[in-house]
Amino acid sequence: MKLYSFRLSGHAHRTHLFLSILGLEYETIEVNVRAGEQKSPAYLSLNPFGQVPVLIDGDAVIPDSTAILVYLAKQYAPKSWLPETPLEAAEVQRWLSVASGEITYGIAAARLITLFGAPRNAEEVIARSHAILTQLDEVLAQRDWIAGLAPTIADIALYSYIERAAEGNVDRSPYRNVNRWLERMESLPGFIPFERSAIGLEHRAA
Ligand SMILES: N[C@@H](CCC(=O)N[C@@H](CS)C(=O)NCC(=O)O)C(=O)O
């Protein structure tokens, strides 16, 4: 397998994390997103959206981080990572939607401001980040994993940006249940960390 990736992308990190937890061998192809390589004709032929990550497995080309998690779960993982009963599958999907929605437009967007100078309203995206962290903290007060009794691809999808929240000036220290869940994620066999950048609150803490 090949993974087109960018080392500072949380969307990419979540796919590295799952590949590593599953112990799968793959080659990483680093796409220079700062230089715009993701908009080259060759890359657009893999993902017309011009975004990382993209997974190649044989003839299969799979763009989009949560689509990659679904593919890997169905193709290579024990069923517990993406349970098949309608209710359990719906619960996992609910949190994948949060990873692609509230997290992307909250914590990840806040980090885009500090890391890349992206034109976003910091106050708005930081407020959105705290709103979803509050919700997650309440859910994780009731259970160890976001979608139930065992880790699923929903946990994988949510981990990376939440762990690096401080880089976007989002203080996650008050969210005790979220922080304990991050520690549980980090103790999973095969866990690999998401690269740190000394920016935002992370910079002030350094
Ligand atoms: N829905 C996509 C979003 C991926 C995404 O936003 N990737 C960013 C990096 S974090 C990207 O490639 N940005 C470059 C661009 O949009 O030009 C996914 O889940 O993979």
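As the structure is a computational prediction, the values presented were derived from the model and not from experiment. Remember, it's 1-based here, ligands and their atoms both numbered in the order they're listed.
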Report task. Describe, in one word, how the ring planes of Y76 and Y71 are oriented to each other, choosing from parallel (under 30°), tilted (30 to 60°) and perpendicular (over 60°). Result -> perpendicular
Query raised in the report: Do the rings of H13 and Y159 sit parallel, tilted or perpendicular, given the 30° and 60° boundaries?
Result: tilted
Requested in this report: Return yes when atom CZ of F116 has more than 12 non-hydrogen atoms of other residues, nucleotides or ligands closer than 6.0 Å, and no otherwise.
Outcome: yes
Query raised in the report: Is there a donor in the side chain of H130 and an acceptor in the side chain of Y175, or the other way round, less than 3.5 Å apart?
Result: yes
**Report entry** Sub-4.0 Å heavy-atom environment of ligand 1, residues by chain
**Finding:** S9, H11, V33, Q38, K39, G50, Q51, V52, P53, D64, S65, Y161
Query raised in the report: Is the F6-H11 ring centre distance short of 6.0 angstrom?
Result: no
Report task. Let me know which of W95, W145, W181 forms a side-chain hydrogen bond (donor to acceptor under 3.5 Å, both in side chains) with D155. Result -> W181
